[in-house]
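Here's the structure we're looking at; comments come further down.
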Amino acid sequence: MSQLKVVSFNGQLVTDSRDVAEMVGIRHSDLLEKIGGSKKVTGYITHLTNGKFRSSDFFITHNYTDEKGEIRPCYLLTRKGCDMVANKMTGEKGVLFTAMYVTRFEEMEQVLNHSTQFNKNAVDFEKHLIGVKYATEILRVDEPSKIKMLEAAHNQHGVPTNHLPVYVENEELKKPISELLKEYNLGISAVKANKILLTVGILEIKHRPSSKGGKKEFKSVTEKGKYYGLNAISPQNPKETQPLYYPSKFGELIPILTGQGVS
């Protein structure tokens, strides 16, 4: 007994009447007559139509090109169509045909379900990557933070991360302003320093939705300010940035922070 081929056609799983005829051991022309009828025989489709059933839920009129290049009629049988054919059969052939089409339809359903889930996950992953792209551009985050955001997106959707670059971050290369103010013993608070940096355009205020409603402010390094530092993802909230500064450049900020560089 040959294998039954089940395929997807216009959103339905179907099998070809030629394969069904070969499997149950009857001529294809005889099966066509049983389904479509003739002058002598009332076919399944006629009975279904008379009973107010939609015949295309069972049998779909189709055609194929034979070895001579001529177009011949056939039917595509849905699972319901196979049920109807099987119900008219008895003995071993009927049992084997039923077992085969039930198995093949279930296998194909599993394949399609997996494919549908895979496609949905792929679309969700792509949307997530678009979100990461715009978030990194708007927040102006540093390279390690970009990689962390990409890794998080990959992990959330079960996508391997072995193609992502490995970024070795040197924590000594950048520090929060509070630490640098203490190191240089400038005698001003981080709050005051941030206000000054906002005034001169090195920092800017951004907003994000608050979990309690409304908006919450956070500070972000501007394009101008990227000479002195960068934006890292805030450890308190991944939707915010934390400005960090290069110690090697901080000396150039001291005149601005102390008022010596502001006219």
Side-chain angles (χ1 to χ4, degrees), residues 124-263:
D124 290 343
F125 178 54
E126 186 174 359
K127 289 180 179 178
H128 199 154
L129 290 181
I130 292 172
V132 169
K133 177 180 182 295
Y134 284 106
T136 57
E137 291 176 355
I138 293 171
L139 299 176
R140 303 190 188 95
V141 298
D142 60 346
E143 292 304 312
S145 295
K146 290 179 183 178
I147 295 173
K148 288 177 183 177
M149 293 171 73
L150 285 171
E151 286 179 344
H154 281 63
N155 292 331
Q156 181 174 329
H157 298 281
V159 179
T161 59
N162 56 322
H163 61 284
L164 293 177
V166 177
Y167 198 97
V168 179
E169 182 179 6
N170 185 347
E171 295 293 344
E172 295 300 316
L173 290 178
K174 50 191 180 298
K175 296 180 179 182
I177 196 165
S178 56
E179 289 186 19
L180 291 167
L181 291 171
K182 290 179 181 178
E183 288 182 14
Y184 281 82
N185 195 27
L186 293 184
I188 61 175
S189 68
V191 172
K192 182 177 180 180
N194 284 333
K195 288 181 179 179
I196 295 171
L197 296 177
L198 284 167
T199 302
V200 298
I202 291 174
L203 289 180
E204 64 182 341
I205 295 295
K206 287 186 173 293
H207 299 85
R208 68 169 178 83
S210 172
S211 59
K212 298 180 180 179
K215 295 182 178 179
K216 188 170 182 180
E217 294 184 349
F218 63 94
K219 298 172 184 66
S220 178
V221 175
T222 63
E223 283 297 321
K224 175 183 176 181
K226 288 173 73 174
Y227 173 79
Y228 303 100
L230 44 74
N231 293 309
I233 295 298
S234 171
Q236 280 73 41
N237 193 306
K239 296 180 181 178
E240 297 182 5
T241 54
Q242 177 187 23
L244 298 178
Y245 299 88
Y246 303 113
S248 61
K249 299 288 185 182
F250 192 72
E252 298 178 43
L253 284 177
I254 292 177
I256 297 175
L257 294 172
T258 58
Q260 299 173 24
V262 180
S263 59

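Fair warning: this is a prediction, and the values are worked out from it, not measured in the lab. Worth knowing before you read on, the calculation uses all heavy atoms, side chains too, and leaves out hydrogens, waters and symmetry mates.
In this structure, His157 and Phe125 approach most closely via the heavy-atom pair CD2-CD1, 3.7 Å. Across all non-hydrogen atoms, the minimal contact from Leu181 to Ile188 is CD1-O, 3.7 Å.
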Practice task
Walk me through it: do Glu151 and Ile147 pass the test side-chain contact (heavy atoms from CB on, under 4.5 Å)?
Solution key: CA-CA 6 Å; Glu151 286 179 344; Ile147 295 173; 3.9 Å; yes
Practice task
Test Lys206 against Thr241 for side-chain contact (heavy atoms from CB on, under 4.5 Å), laying out the working first.
Solution key: CA-CA 9 Å; Lys206 287 186 173 293; Thr241 54; 5.7 Å; no
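Taking CD1 of Ile177 as the start and CG of Leu257 as the end, the distance is 5.5 Å to the nearest 0.5 Å. For the atom pair CG of Leu180 and CG of Asn185, the computed distance is 13.0 Å after rounding to the nearest 0.5 Å. Between atom NZ of residue Lys192 and atom CG of residue Asn194 there is a gap of 12.5 Å, rounded to the nearest 0.5 Å. Atom CG of Leu253 and atom OG1 of Thr258 lie 10.5 Å apart (nearest 0.5 Å).
For the ring pair (Phe, Tyr, Trp, His ring centres under 6.0 Å) condition, no pair includes a residue of residues 220-240, sequence neighbours left out. Pairs passing the salt bridge (charged side-chain N to carboxylate O under 4.0 Å, His left out) check and including a residue from residues 177-189, sequence neighbours excluded, read Lys175-Glu183.
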Would you list the atom pairs, donor with acceptor, under 3.5 Å between side chains in residues 216-225 and any protein atom, with sequence neighbours excluded?
unit_1, atom_1, unit_2, atom_2, d
Ser220, OG, Asn231, ND2, 3.2
Thr222, OG1, Gly201, O, 2.6
Thr222, OG1, Ile202, O, 3.2
Thr222, OG1, Lys224, N, 3.4
Thr222, OG1, Gly225, N, 3.0
Glu223, OE2, Arg140, NE, 3.2
Lys224, NZ, Val200, O, 2.8

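Between Phe250 and Tyr184, the ring planes are tilted. Angles from 30° to 60° get that label.
Considering only heavy atoms from C-beta on, Ile233 comes within 4.5 Å of Met149 through its side chain.
Looking only at distances, a side-chain donor or acceptor of His154 sits under 3.5 Å from a matching main-chain atom of Leu150.
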